[in-house]
Structures are given as structure tokens and as C-alpha cells.
Amino acid sequence: MSTKTHDDYTQVARIVFPAQGEEDLLPLYVDFGRAHNSTEPIDAGSKKARNATLRSLAMQRHGGEDHSALINGDSTMRLPGGLRVSFASVFNAFPASYWRQWTRATAARLEITIKGRASVLVYKSNAQGRFIRIDSAAVDSETVEFDVPLKTFADGGWIWFDVIASDEDAQFLSGCWKVNAQPEWDVSLSIGITTFNRPDYCAKTILALGEAENLKDILKRVYVVDQGNQFVSDDELYPQAVEALGDRLVMIHQGNMGGSGGFSRGMYESVQADETEFHMLLDDDVIVNPESVERLVRFASLCRNRTIVGGQMFDLNDRAVAHSFGEGINTWRWLWGPVPGTENRIDLALANLRQRRELHRRLDVDYNGWWMTLIPVSVIKEIGLSLPIFIKWDDLEYSLRASEHGVSTVTLPGAGLWHVAWGDKDDARDWQAYYHEHNRILTALLHSPYDHGGRLPYELTTLDVKHSVSAEYYAQSARLMAVRDILSGPEHLHRTLKTRMQQLREMTKNFTDAQYKSEPDAFPPINRLSRSRFKKGLPKGPNMLTLAPWTLKTLIRLMTPPKESAKQHPEGFVAHADSKYFILSQFDSVLVTKADGSGTAWYKRDPRKLRKLLSQSISARSQLISRWDELSAQYRQALAHIVSLDEWAKTFGITSNESSETAAAEY
């Protein structure tokens with residue numbers, strides 16, 4: 001423990017709590033009881049066994065009690081006599097290894113104020129999740145400080161503290177983390193929010209930003225790029241948001257250009273205004289805590305070099321679950337996913353930092369999702385705006401492009417928001433299938449280090465077969481359209497940005513597998529007397545040894561005409577979770593539910609469509625492989641022009657020197 005001083009330390013995070021009554025959020029902020037610190041990793045064994053162990057430990061820590069009543073405000077908490085409260089949580093512990101790696105800080109300082117008598121215990125962990133107590137103090141209605149050097153956190157580790165009230169109640173009044181460094185850049189921020197027909201979510205977000213006291217001196221401008229026809233300005237909360245933000249709020253209306261068009265407009269306006277050091281991209285369907293916004297700005301301002309800094313994503317519908325803790329790309333497969341060493345959907349209600357060893361190693365990401373990402377404005381000026389690719393892969397490509405200019409991306413633990421998880425979406429089969437295909441190929445042409453994109457052509461061909469044999473003719477047709485667009489050259493990118501999505505939606509009229517209906521009796525009844533396809537229950541998919549013969553056998557069968565009865569009545573019903581290619585391919589016709597449960601589509605096998613799609617697939621893939629080097633050179637040479645402010649200004653329909661005030665007046 002150190003005596004209280006007023007030397008050259010910068011506050012970078014406050015100790016915060018969820019709103020009173022938000023019991024499901026407590027695990028993100030506080031933990032209870034003494035931690036288990038065994039020599040064996042608690043996450044060993046099967047996932048089922050691990051989760052059972054974690055549930056047991058969670059019950060031991062929480063005792064089945066509702067501790068949310070202890071929260072008095074966003075920064076104060078009542079401490080019942082004898083209760084041990086641990087701040088070993090993703091929102092209140094200090095991610096020491098990130099500060100050591102990326103900033104000029106060499107020491108952290110914990111400062112807390114407690115009313116009443118209590119014991120404070122300070123801990124640190126290493127990358128393996130092992131932790132030790134490093135300091136302690138008995139306090140009696142006072143403010144105390146603890147200084148911790150950062151030299152031992154090279155590859156991971158956190159710092160946190162526990163508080164134990166004496167035999168009488170005490171109160172936690174405030175706390176914060178500081179570092180012994182001063183900002184390298186000005187702590188000033190603009191925010192660009194892209195929204196499409198989510199006026200309620202968006203209005204709540206801009207109101208929260210406007211009312212946040214901690215952002216009053218930091219947040220200079222909020223650009224809301226409204227691309228829908230249900231305007232944010234018509235929401236009942238909008239007048240309050242305008243009052244809270246005043247002239248800091250700039251509303252911009254433009255045609256729907258997807259996330260890349262909306263985010264690029266906000267980036268464009270921020271560069272044109274040239275009044276802030278940083279610009280944050282923020283999604284519309286989110287719940288954001290202003291404390292996380294400030295933490296990202298503080299961290300970025302203290303980095304040794306210009307750095308893109310992003311927040312983590314938590315599941316809006318299961319709010320103690322970290323849906324994305326760190327994102328990377330497998331360059332051989334050219335496919336995104338969680339950084340090796342972690343996983344998506346980490347349930348922090350089951351176990352927090354003290355029980356999860358995998359959360360202590362520092363994760364070096366390749367990119368951060370644009371649900372919440374902070375970019376230095378100078379980087380935008382240097383490398384340009386987003387690729388005009390509507391949706392998917394724009395965030396990843398931007399960080400890859402930035403890395404080629406020496407700008408790293410960091411996902412900072414302790415900063416994040418709540419966003420609808422994409423596990424409830426069916427974007428590989430609807431109109432977004434086009435963008436999955438198109439943008440995956442495009443980014444590989446631009447950045448893949450391997451000849452022909454490594455394993456990518458094989459994986460895309462495999463997907464062609466899977467969609468085709470599953471009677472997902474719409475998705476496969478959309479994917480082949482994407483390949484044709486890629487083959488046409490870079491000029492199509494801006495030209496098709498505002499039109500392709502509508503064309504994809506129009507295409508659904510020609511495919512029953514893309515026409516979802518919500519009424520239970522929208523389709524003819526299932527033929528219950530048709531021969532069972534699976535006599536022993538749903539099968540497992542073919543393995544590497546059996547895949548080739550299975551595919552050949554299946555294709556031969558699918559080339560034969562379907563039964564006449566299957567044209568009149570579906571042969572079965574398949575839930576979305578079971579709608580795998582090796583199951584769907586066994587039906588002549590079948591009803592399949594949508595991922596979110598809102599509707600059902602009728603998949604109908606058609607040998608003519610199958611032959612046509614497979615033939616087109618062979619042709620498209622052959623051209624892509626044979627022209628790969630040529631296309632890669634074309635797209636790489638055109639990249640700087642494609643992402644330039646001037647080229648985007650043409651797509652926005654404005655001149656390159658038009659101000660945000662003019663755009664706002666047009667709105």
C-alpha cells in the first residue's frame with residue numbers, strides 16, 4: 001500500500017456497477033466468496049463436466065442469494081458485515097498485460113474509498129490464471145492506494161482486489177484505476193452510429209451518450225447516419241437526446257449502403273470536421289455503457305503508437321455471456337473466428353476471472369468487430385474509409401489494411417457492449433449469402449499471403465455442393481452472382497453498393513427455399529405415410545474417408561426426378577438446428593425453419609436446377625482460380641482509389657469538401 005499522493009498518474013477506469021435490480025449482470029462486475037486456486041485447470045475434461053463443475057462453484061460463491069440489492073448506484077455498494085466481495089470481474093479488474101504491451105505505462109495504481117471498517121486484499125494473476133495476494137490493508141473510513149508494477153505481465157495477467165467488511169456493515173464509495181503515464185494524443189472523440197430501422201435502440205444510445213457526465217469533455221460530435229425509412233428523429237426519446245447532445249448531434253440521412261456505407265459516412269464527416277483525435281464506430285442495436293466508451297479513448301490516447309482499439313461483445317439476450325472475447329483470422333482457410341486459446345460464448349455467470357484460466361492470457365487479435373471500435377482519425381486520413389462491401393468482412397479488412405501501415409488492433413477487456421448475437425441469424429442462407437461469398441473472396445484477393453487464397457477455393461467449392469444438394473438453390477444462386485461480380489473487376493464495388501441487396505431480395509420470388517412464412521398452416525400437411533429417410537434417427541455427417549463416395553452417390557440420386565407426391569406434400573419437417581446438408585439432401589421436399597424461429601420455408605428438390613448450379617459452379621471456380629493472380633493485382637492496385645474520401649463522396653452524392661452541417665441541413 002502507498003500513501004496518497006498527487007503525482008503524474010492518469011485515471012483510466014472507474015470501478016462501476018450495474019443498475020440496481022440487474023442481477024443477471026452482476027457477474028460482469030463483482031464476484032463473491034473466496035476463490036479456488038487449485039493446481040489443476042478447472043476447465044479440463046468434457047464441456048458438460050466442466051459446466052457442471054462451474055455451476056457448483058457459482059452456487060458456492062453466490063450462495064443462491066440475490067446480491068443486486070447491495071448496489072446503491074453506478075459506483076457505490078453496501079458491504080454487509082463479514083461478506084467477501086471480489087472485484088475480479090471483466091468490468092472491474094485491471095487487464096494489466098494489455099496496458100504493459102501497448103501503452104507507455106509501467107505501473108498501475110488502485111485508489112478506493114470505503115466508509116466503515118474493512119479489509120482490502122489486492123491480487124495479481126499470470127497468463128496461466130494462477131494468482132497470488134500482493135498487498136493488503138485494514139481501512140477505517142478512508143481512501144487508500146495500492147501501486148503495482150506492470151513488469152511481470154508480459155504475456156497475460158490481471159490485477160484485482162477483494163473487500164471484506166468487518167463485523168459491521170461498511171460502504172464502498174468509489175474506486176478507480178490509474179497508470180503512471182500521460183496521453184500521447186488529445187483525448188477527444190467523435191462517434192459514428194449507423195442505423196437502419198432501429199429508431200428505438202438508436203435513440204436510447206444517443207440519449208445515454210448525451211447524458212453521460214464522464215463524456216462531457218471528451219465527446220465532441222455524434223454522427224447518426226440513418227439509412228432506413230423508420231427515422232430515429234421520429235422516436236419518442238429523440239427530443240431528449242437532442243436536448244442532451246445539443247449541437248454535438250449531427251443527423252445524416254442517406255440511402256441504404258449497409259454497414260460499410262454508414263460507417264464510412266461517419267468516418268468521412270469526422271475527417272472533414274478535423275476536430276477530434278479519435279473516431280468511434282458504434283452499431284445501432286446495442287446497449288452501451290459510457291464508461292466503456294471512455295476506457296477505449298483513455299487507452300488509445302496512452303498507446304505508444306497509433307492503435308485501433310475495440311470493445312468486447314456481450315450477448316444482448318443472455319447478458320452475462322461474452323459472445324466475442326477476441327477475433328482473429330485463419331489465413332490458410334481465410335475465415336474469421338475466435339483467437340486461438342479462447343472461444344465464443346463464455347458464460348461469466350458460471351465462472352469469472354478467478355475460475356477461468358483461459359481469460360488470463362493476453363489475446364492479440366487481428367481485428368475488432370465494428371459493433372464498437374475506436375480508430376485514430378489520422379489513420380483514416382492515411383488509409384481511407386471502408387471497402388464498399390455493404391456488410392460482412394469490412395471490419396476485418398480495415399484492420400488488415402491498417403496493419404500493413406504499422407497500425408495494430410487491440411480488443412480491450414473491460415470495455416464492451418451488449419449486441420444481438422449472430423447465432424440467432426440465418427445469414428448463410430438468406431440474401432447475406434452473397435456478401436459472405438463476395439467479401440470473403442475480395443478480402444483474400446487483397447490480403448491473402450497464399451497462392452490462390454490457400455484453402456479458400458476448396459472450401460468454397462465444398463459449400464457449392466452442400467448448398468446445391470440441400471436444395472438451397474437461392475443461397476447458391478446468390479453466391480454464384482457474387483463470384484461473377486468479383487470476376488468483373490474492381491469497378492463494380494461502388495456501382496453495385498446501393499442496388500445489389502435489393503436485387504437479392506427480389507430474387508427470393510423465384511425460390512421457395514427463400515420464402516419463409518410465419519403461419520403454421522401456410523403449407524400443405526406433411527405426408528406422414530412417406531417412407532422414413534432415417535430409420536435409426538438423424539445421421540451424423542460423412543467423415544473425410546466417406547465424403548467423396550457419399551457425395552457421388554448422393555449426386556447420382558439427386559439427378560433422378562423427385563416423387564410426384566413430394567411436389568404436393570412435404571415429406572418431413574426439419575428444425576433449423578438439424579438442417580445439415582447430409583440430412584436435407586435425403587428429402588425430395590421438406591419444411592425447414594428459420595434460425596430465429598419466425599418462419600418456415602419449403603425446400604423442393606429440382607434436378608434441373610441442381611445440374612445448372614453445379615455446372616455454373618465448375619465454370620465460376622475454374623475462372624476464379626485461373627485468373628487469381630490477375631484479379632489480385634487489379635484489386636490491390638485499385639484499393640487506394642476505392643476507399644478514398646473522394647470516391648466515397650461520389651457514392652454519398654456529395655462533393656468531397658461538403659461539410660457535415662450541409663449534409664445535416666439536407667436531412
Side-chain angles (χ1 to χ4, degrees), residues 258 333-335 387-393 426-446 448 452-493 495-516 551 554-555 558-559 579-581 584-585 592 601 603-628 630-632 634-635:
R333 298 183 60 199
W334 204 253
L335 189 65
L387 274 176
I389 50 179
F390 200 86
I391 193 172
K392 310 294 183 190
W393 289 85
D426 202 13
D427 56 9
R429 300 177 184 179
D430 63 13
W431 57 271
Q432 296 178 79
Y434 168 93
Y435 296 103
H436 275 291
E437 176 82 9
H438 178 278
N439 301 346
R440 189 177 177 188
I441 298 172
L442 172 61
T443 53
L445 286 168
L446 288 170
S448 174
H452 303 107
R455 183 182 164 89
L456 180 61
Y458 168 79
E459 293 207 358
L460 295 180
T461 302
T462 300
L463 288 173
D464 288 344
V465 176
K466 288 182 177 180
H467 282 297
S468 298
V469 302
S470 300
E472 292 170 347
Y473 302 134
Y474 171 76
Q476 180 57 16
S477 297
R479 294 176 69 248
L480 289 173
M481 178 188 290
V483 182
R484 288 193 293 270
D485 280 348
I486 290 291
L487 293 171
S488 71
E491 296 77 14
H492 80 278
L493 290 170
R495 186 182 69 246
T496 62
L497 181 64
K498 292 183 282 188
T499 60
R500 187 61 78 222
M501 190 269 286
Q502 187 58 39
Q503 293 171 352
L504 290 165
R505 290 189 182 278
E506 288 292 323
M507 279 174 54
T508 61
K509 298 176 182 178
N510 303 321
F511 298 90
T512 62
D513 53 288
Q515 299 169 17
Y516 287 90
T551 301
T554 300
L555 286 174
L558 293 179
M559 293 299 179
S579 56
K580 313 299 183 184
Y581 71 95
L584 296 177
S585 61
V592 182
Y603 286 28
K604 299 179 180 180
R605 183 167 71 81
D606 186 331
R608 288 181 299 177
K609 287 183 179 178
L610 176 63
R611 286 193 292 269
K612 180 180 178 180
L613 289 173
L614 290 176
S615 174
Q616 291 177 341
S617 171
I618 294 171
S619 174
R621 299 303 169 195
S622 298
Q623 291 184 63
L624 183 62
I625 293 173
S626 64
R627 295 183 56 196
W628 185 272
E630 168 202 343
L631 290 167
S632 179
Q634 287 181 14
Y635 281 99

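Reckoned from all heavy atoms, side chains included, excluding hydrogens, waters and symmetry mates. The model shown is predicted, which means the values in this text are computed figures rather than measured ones. Position 1 is the first residue of the sequence; numbering continues from there.
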Between [Y] and [X], is there a side-chain heavy-atom distance shorter than 4.5 Å?
X	Y	result
Tyr458	Arg621	no
Leu456	Trp628	yes
Leu493	Tyr635	yes
Gln503	Met507	no
Val592	Arg429	yes
Ser477	Met481	no
Thr551	Val469	no
Asp464	Gln616	no

From [X] atom [atom1] to [Y] atom [atom2], the distance as rounded to the nearest 0.5 Å:
X	Y	atom1	atom2	answer
Asn439	Leu387	CG	CG	8.0 Å
Arg627	Leu445	CZ	CG	10.0 Å
Asp427	His436	CG	NE2	3.5 Å
Ser468	Lys609	OG	NZ	12.0 Å
Leu614	Thr461	CG	OG1	11.0 Å
Arg440	Lys392	CZ	NZ	13.0 Å

Looking at every heavy atom in both [X] and [Y], which two are closest together, and how far apart are they?
X	Y	result
Ser448	Gly454	OG-N, 4.4 Å
Ala428	Ala433	O-CB, 3.4 Å
Arg505	Trp431	NH2-NE1, 3.3 Å
Ala478	Leu504	CB-CD2, 3.9 Å

### Query
Can Val465 and Thr462 be said to form a side-chain contact (heavy atoms from CB on, under 4.5 Å), step by step?
CA-CA 5 Å; Val465 176; Thr462 300; 5.9 Å; no
### Asp513 side-chain N/O to Tyr473 backbone N/O, donor-acceptor pair under 3.5 Å
yes
### Query
With no hydrogens and no angle check, is any side-chain donor or acceptor of Gln515 less than 3.5 Å from a backbone partner on Ala601?
no
#### Entry: Among His492, Arg495, His438, Arg500, side-chain hydrogen bond (donor to acceptor under 3.5 Å, both in side chains) partner for Asp485
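Testing each of His492, Arg495, His438, Arg500 against Asp485, the sole residue satisfying side-chain hydrogen bond (donor to acceptor under 3.5 Å, both in side chains) is Arg500.
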### Query
Taking the six-membered ring for Trp, are Trp334 and Trp393 parallel (under 30°), tilted (30 to 60°) or perpendicular (over 60°)?
parallel
#### Entry: Results of ring pair (Phe, Tyr, Trp, His ring centres under 6.0 Å) for Tyr474 - residues two or more places apart only
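Counting only residues at least two positions away or on another chain, Tyr474 forms a ring pair (Phe, Tyr, Trp, His ring centres under 6.0 Å) with Phe511.
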### Task
Check the surroundings of atom NZ in Lys612: do more than 12 heavy atoms from other residues, nucleotides or ligands lie under 6.0 Å from it?
no
### Query
Would you call Glu437 and Arg484 a salt bridge, using N to O less than 4.0 angstrom?
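Not counted as a salt bridge, because no side-chain N and carboxylate O are separated by less than 4.0 Å.
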### Query
With distance as the sole criterion, is a donor-acceptor pair present between the side chains of Gln476 and Arg479 under 3.5 Å?
yes
